[in-house]
Structure formats: structure tokens, C-alpha cells
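Have a look at the structure below before the remarks.
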Amino acid sequence: MDNFTKLPSHPASLWRQPQSSGDFTPLNEDISADVTVIGAGITGITTAYLLAKEGLKVALLEAGEVIGGTTGFTTAKISSQHGLIYQELIKQHGKDKARLYYEANQEGISFIQDCINDLQIDCDFHTLPSFVYSTNKEMEQKVEDEANAYLQLGIDGGFAHKEDLSLPYSIKNGVMMRNQAQFHPVKYLNGLIQAFTKLGGQVFEHTRALDINNDPTAVKTDRGFEVKSKYIVVSTHYPFSDTKGLLFSRLHIERSYALAAKTDAGNIPDDMYLSADEPTRSIRWATGPDGEKLLLLGGEGHPTGQNDRDTSTHYENLVKFGSRYFDITDVPFHWSSQDIFSLDSLPYIGPIQTGTENVLVATAYAKWGMTNGTIAASILKDHILDKENPYKDLFHPARSEMEASSIKNFIKENTTVAKEMVKGKMKRKSRSLDELRHDEGGIVQLDGKKVGAYKDSEGTCHLVKPTCTHMGCDVEWNDAERSWDCPCHASRFSYKGDVLEGPATKPLKGFES
């Protein structure tokens with residue numbers, strides 16, 4: 001990378017530049033509500049807003065800042081085109097369920113647009129087509145198969161010739177979906193939060209949920225206070241307090257990367273694009289803080305905490321791609337996010353386990369949380385109000401996934417977790433503390449023990465015990481984010497040991513030599 005395309009030293013999301021709609025206080029007393037919603041991303045905020053509209057008393061809890069999780073670090077495509085998913089859904093679930101998945105996500109798009117219009121939210125919403133394209137022979141056939149799936153399901157779109165795609169490099173073919181959209185997620189959700197609080201909703205930031213009691217139903221928080229309510233919605237992206245439901249054994253977690261860049265050539269595409277082949281390249285445009293048009297690139301996904309290279313390399317690869325094809329001159333923003341996948345390509349939305357109908361969960365959106373998270377809110381709202389919902393059974397967490405490919409995914413994922421647990425304990429490499437440069441972290445040998453260490457830019461060392469507080473896996477250093485990431489279930493911790501992402505709820509233990 002040359003001087004014009006050097007990354008800033010620390011990540012920052014384009015969407016997080018305008019901060020949340022207001023500073024919300026932590027929970028500082030025991031309270032009661034009709035519903036407690038845990039997690040203030042797109043699912044939690046939308047669910048809370050819908051329930052408040054129905055006249056219910058809702059408490060929304062957020063461990064950090066509202067919209068500070070995955071929703072604030074997305075590529076913010078509002079689309080039913082989720083890669084080459086529909087040919088796979090037909091194979092796994094049949095045409096009827098594949099069509100229902102499309103309808104659910106289309107309803108999510110419509111809901112977002114209706115909210116924007118009704119609440120007059122200025123959030124850079126634009127309707128435009130979305131394309132998935134191939135650049136090699138193998139994926140060319142798969143893209144054609146996807147276009148055939150569109151035809152079978154009656155999806156508004158279809159096969160696209162390479163001439164239909166405005167990209168500055170050679171492609172084979174594409175598949176297009178009409179009337180998709182993009183927006184600024186934080187601006188949109190700020191509008192929903194304001195509407196929610198006007199309806200009497202309560203928001204509590206810096207209030208981490210630690211545990212759930214079911215008799216009586218209450219959420220315990222890290223500050224020693226609790227919220228009692230009839231229903232609890234766990235919209236924390238990765239569910240916490242899940243040891244009984246064992247949902248974590250049916251989830252696969254990946255980390256992916258994005259950047260927003262300025263260009264000189266003026267060749268930023270007007271539509272949304274996603275490559276079918278690897279490495280994945282997601283492309284769209286966005287409006288920067290000063291009103292300028294930016295190129296937004298995403299991709300480079302890998303299992304969280306499992307990486308054969310420095311994580312900063314993934315950002316560098318995106319910069320090289322952007323420099324080569326779009327003449328980028330500056331990269332003011334770069335960020336990463338966590339993506340969760342189910343065994344059978346469908347999200348889990350509904351009761352977290354059979355027999356516990358008042359504790360609900362929504363997760364495994366597989367990178368497509370804008371529409372899936374929105375329709376999840378509708379499903380959860382209807383469950384709480386005891387209303388029928390056409391998508392309830394499709395996404396129910398207790399559905400059977402035990403067809404051949406799902407069984408294979410289950411075995412693969414849990415075998416990987418077991419390997420990571422053993423590998424972390426047996427083969428962990430370490431250095432001496434003196435070998436760490438400023439602003440560098442890693443495993444070091446100290447007093448005969450392996451310790452997680454980060455030496456900040458001032459030379460101060462921050463030491464932790466590198467064992468995840470969720471289930472005891474050893475964490476790995478993430479150099480790009482200055483974090484400790486768990487390769488088993490994707491909990492993430494700051495260099496000081498504070499929880500950044502669950503399922504862990506307790507920080508890493510400090511180490512004193």
C-alpha cells in the first residue's frame with residue numbers, strides 16, 4: 001500500500017460517526033416491565049418499538065452503547081439477495097419454504113421503508129438493484145443455477161449478462177434482484193429509538209445482562225439490579241445464558257471486514273454487488289460525513305479467532321483490491337463485524353428452548369441482519385401478543401435440522417470447537433514480554449506461565465489470563481482490533497479483558513506477576 005491508501009491506525013465504522021440518539025443511563029434500580037429486550041441492535045430496537053406501539057411497557061438493555069454491536073458495523077445492504085442462497089434453500093427445504101424465506105425478507109424491506117416514511121427518518125435510503133456475479137467458470141454455472149431458482153420461485157429478478165453489470169473488471173455472468181435497498185443503519189435506528197422513547201419505552205446503556213431467572217422471570221445485570229417481566233427477548237446477536245438450550249452448538253461464527261474509501265476515478269458503481277467466488281467482495285456506495293460519495297468494500301471472512309495470518313492483512317487485501325480497480329486515494333474508515341450462521345441456512349427466531357415460551361431469541365442471520373433482524377422483530381412481537389405469524393415455523397429454533405447437510409455441519413462445527421480447545425492448551429506458541437513492540441499483543445511466557453499481553457503505544461503492558469470465561473477455550477490475539485478473540489464460540493474481549501461480544505458475560509481475569 002502506498003501513502004495514499006494507508007489505513008488509519010485504529011478501526012472506525014462509517015456508520016458510528018453520528019453517535020446514538022442520546023446518552024442513556026445504566027440501570028440503577030430494580031424495575032419491572034411487560035417485556036425485557038436484551039441487545040440494542042436492529043432486532044432489539046425494532047422489537048422494542050413494535051411492542052411499545054402495542055401499548056406494552058418495554059425495557060431495552062444494552063451492555064455497551066446502543067447500535068454499538070454488529071448493526072453499527074455492517075455493510076448495511078437491505079436485501080433479500082443473500083448470495084447464492086435460493087438454490088440451496090430449494091435443495092434443503094423445498095420450494096415452498098424457499099419462497100417463504102424470500103417473502104419474509106421482502107417484507108423486511110417494506111417494513112423498513114414504511115418506518116422511514118411514517119417517522120420521517122433521514123437515513124440515506126436508496127432503492128436499487130442488487131447483483132451476485134461470477135469471475136470464474138465454476139461459479140458461472142452456480143450463478144446460472146441461482147437464476148433458475150429465481151425463475152422457479154417467482155423472484156423479481158433473474159439472469160444478468162456481464163454487459164448488465166457496471167464493474168471495472170472481467171466477469172462471467174450475474175444474477176439480479178430488483179428493488180433492493182441500502183441505507184445508513186445508525187441514522188435509521190436512531191429514528192426508531194426516538195419513537196420508542198416517545199411511546200414510553202425505557203433504554204438502559206452500559207447494563208450487561210448476566211443471567212436469566214425463569215421463576216419469577218427476571219434478568220440479572222452486572223450492576224446487581226434486575227428487571228422482572230413476563231417475556232424476555234435475547235437479541236444479543238450471539239445468545240448468552242444458553243447452556244440448557246445448547247444453541248451455541250448449532251452456530252458457526254465468522255468475522256468479516258469492510259472499508260469506506262475515497263476515489264479519484266469517479267467509477268464507484270451505482271448498484272449493489274457481491275461476488276459469488278472467493279475471496280468474497282461486497283460492493284456498494286455510501287454517503288460520507290461531508291456528503292461525499294464513498295466506495296464501500298467488504299469481504300475477507302474467516303472463522304472468529306481462527307486465522308492463519310494477521311487480521312490486519314484482511315483490510316490490506318481490501319485496500320489492494322480497491323486501489324487496483326477503483327483508484328482509491330484515501331481510506332478514512334475501516335471496520336469489522338461478527339456474522340453468525342445456523343446449520344441449515346435459516347435464522348433461529350422464537351423460544352430459546354422447548355417448554356420456555358417466554359424467553360425468546362433471534363440469531364444466525366448469516367450476514368443479512370437488516371432484513372432478517374427486522375422480520376425477526378415482527379415474529380417475536382406476534383409471539384408475545386399470541387398472534388399467528390406466517391414465518392413462525394420456518395425460523396423456529398426447535399425445528400429439526402437433521403437432514404444430511406445439517407448433520408454434517410453440526411459434526412464439523414463441534415469437531416472444530418473441540419480441536420480449538422485442545423490446540424489452545426497444547427500447542428500455544430509464546431514469546432517473552434520484552435519481544436513485544438509498542439502497540440503489539442500476543443501470548444508471552446511470564447513466571448513460567450503463558451499470559452495474554454498487550455503493550456500499548458506508551459509501553460504500558462496489559463496482562464490477562466488468556467482463557468475465555470464462556471467455556472474455557474484459549475483466546476487468540478487480533479492485531480487489527482486490539483482484542484482477544486475466542487476460536488470456539490467467538491466471544492471477544494478488549495486488551496484489558498473487558499467483554500466486547502458474547503456469549504461470554506464475564507471479563508478475562510487479570511494476571512499479576
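- Using a 4.5 Å heavy-atom threshold, the side chains of L295 and I283 count as touching.
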Q | CA sep, side-chain torsions, deciding dist, call: V219, I38, side chain to side chain contact (heavy atoms under 4.5 Å, CB included) | A | CA-CA 9 Å; V219 176; I38 307 170; 3.9 Å; yes

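- Considering NE2 of H334 and CG of L297, their distance stands at 13.5 Å, rounded to 0.5 Å.
- Contact annotation: the side chain of F111 never approaches that of I375 to less than 4.5 Å [non-hydrogen atoms, C-beta and beyond].
- By the 4.5 Å heavy-atom criterion applied to side chains, S378 and N389 are counted as neighbours.
- With a 4.5 Å cut-off on side-chain heavy atoms, P351 and V359 do not count as touching.
- Residues Y238 and T363 have side chains not in contact (no heavy-atom distance under 4.5 Å, counting atoms from C-beta outward).
- Contacts of A260 classified as side-chain contact (heavy atoms from CB on, under 4.5 Å), with partners at least two apart in sequence or in another chain: L14, L294, F333, W335.
- No side-chain N or O of D439 forms a donor-acceptor pair with one of S457 less than 3.5 Å apart.
- The existence of a salt bridge linking D474 and K450 is excluded, since no basic side-chain nitrogen approaches an acidic carboxylate oxygen closer than 4.0 Å.
- The main-chain N or O of S494 is never found under 3.5 Å from a side-chain atom of D498 such that the two would form a donor-acceptor pair.
- In this structure, CZ in F196 is found 13.5 Å from CG in L119, a value given to the nearest 0.5 Å.
- One distance of note links CD1 of I67 with CZ of F73; it measures 11.0 Å at 0.5 Å rounding.
- Side chain to side chain, Q180 and S79 meet the donor-acceptor criterion of an N or O pair below 3.5 Å.
- A donor-acceptor contact shorter than 3.5 Å is absent between the side chain of K465 and the backbone of G510.
- Rounded to the nearest 0.5 Å, atoms CD (E316) and CG (L259) are 11.5 Å apart.
- At distances below 3.5 Å, not a single donor-acceptor pair connects side-chain atoms of T197 with backbone N or O atoms of G201.
- Checked by atom type, the side-chain pair E254/H252 shows a donor-acceptor distance below 3.5 Å.
- Separation of atoms CD1 (I116) and CG (L192) is listed at 9.0 Å; rounding is to 0.5 Å.
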Q.
Checking D456 against R482 for the salt bridge (charged side-chain N to carboxylate O under 4.0 Å, His left out) test, could you report, in this order, the C-alpha distance in whole Å, the side-chain angles of both residues, the deciding distance, and whether it holds?
A. CA-CA 10 Å; D456 64 25; R482 281 83 165 177; over 6 Å; no

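- Side chains of Y391 and E107: a donor on one and an acceptor on the other come within 3.5 Å.
- Contact between K53 and L199 at its shortest, heavy atoms only, is CG-CD1, 3.7 Å.
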Q.
As a quick check of understanding, evaluate side chain to side chain donor-acceptor pair (under 3.5 Å) for S80 and N105, giving each step before the final call.
A. CA-CA 5 Å; S80 302; N105 282 275; 5.1 Å; no

Q: Kindly determine whether W15 and H184 satisfy side chain to side chain contact (heavy atoms under 4.5 Å, CB included), including the steps that lead there.
A: CA-CA 6 Å; W15 316 126; H184 191 302; 3.6 Å; yes

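- Within the 4.5 Å cutoff, no side-chain heavy atoms of L360 are placed close to those of I232.
- Minimum heavy-atom separation, T371 to I78: CG2-CG2, 3.8 Å.
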Q: Apply side chain to side chain contact (heavy atoms under 4.5 Å, CB included) to L446 and L463, showing your working.
A: CA-CA 10 Å; L446 198 60; L463 306 178; 3.7 Å; yes

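- Checked by atom type, the side-chain pair S282/K77 shows a donor-acceptor distance below 3.5 Å.
- Y365 and H237 have their aromatic ring centers separated by at least 6.0 angstrom.
- Heavy atoms only, all atoms of each residue included: V227 and A59 are closest at CG1-CB, 4.2 Å.
- Between Y315 and Y257, the ring-plane angle classifies as perpendicular under the 30° and 60° cut-offs.
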Q: Applying salt bridge (charged side-chain N to carboxylate O under 4.0 Å, His left out), run through R16 and E65 and close with a yes or a no.
A: CA-CA 11 Å; R16 294 285 296 165; E65 296 179 350; 2.7 Å; yes

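- Put simply, the side chain of E54 never gets that close to the backbone of L56: no donor and acceptor are under 3.5 Å apart.
- Residues T467 and L508 form no side-chain contact, since every pair of their non-hydrogen atoms from C-beta on lies 4.5 Å or further apart.
- Residue K509 places its NZ atom among 12 or fewer non-hydrogen atoms of other residues, nucleotides or ligands, all under 6.0 Å distant.
- Using a 3.5 Å distance cut-off with no hydrogens or angles, the side chains of S312 and D479 do pair a donor with an acceptor.
- Ring geometry, Y231 versus H383: the interplanar angle exceeds 60°, so the pair is classed perpendicular (tilted spans 30 to 60°).
- Taking every heavy atom of both residues into account, E205 and T207 meet most closely at O-OG1, 2.9 Å.
- Distance alone, capped at 3.5 Å, is enough to place a donor-acceptor pair between the R284 side chain and the A76 backbone.
- In this structure, a donor-acceptor pair under 3.5 Å is absent between the side chains of T43 and S235.
- Ring geometry for Y454 versus H462: interplanar angle under 30°, hence parallel rather than tilted (30 to 60°).
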Q: Under the salt bridge (charged side-chain N to carboxylate O under 4.0 Å, His left out) rule, what do R281 and E300 come out as? Steps first, then yes or no, please.
A: CA-CA 8 Å; R281 294 289 178 257; E300 292 285 314; 3.0 Å; yes

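- Atom-to-atom distance recorded for L189:CG and M370:CE is 7.5 Å, nearest 0.5 angstrom.
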Q: Assess whether side chain to side chain donor-acceptor pair (under 3.5 Å) is satisfied between T287 and D124, documenting all intermediate values.
A: CA-CA 7 Å; T287 303; D124 305 331; 4.5 Å; no

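- The two residues I379 and K392 have their closest heavy-atom pair at CG2-CA, 4.4 Å.
- Taken as a pair, C473 and C488 meet the criterion of an SG-SG distance shorter than 2.5 angstrom.
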Q: Under the side chain to side chain contact (heavy atoms under 4.5 Å, CB included) rule, what do V35 and S229 come out as? Steps first, then yes or no, please.
A: CA-CA 5 Å; V35 182; S229 58; 5.5 Å; no

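- The residues R492 and D485 are annotated as salt-bridged, a charged nitrogen and a carboxylate oxygen being separated by less than 4.0 angstrom.
- Minimum interatomic distance between P332 and A261 (heavy atoms only, all atoms of both residues): CD-CA, 4.2 Å.
- For H206, the ring-ring contact (aromatic ring centres under 6.0 Å, His included) criterion is met by no residue, not counting sequence neighbours.
- In this structure the side chain of N372 reaches within 4.5 angstrom of the side chain of H82, judged on heavy atoms.
- Checking side-chain atoms of D339 against main-chain N and O of A366 turns up no donor-acceptor pair under 3.5 Å.
- A donor-acceptor pair shorter than 3.5 Å cannot be found between the side chains of N179 and T127.
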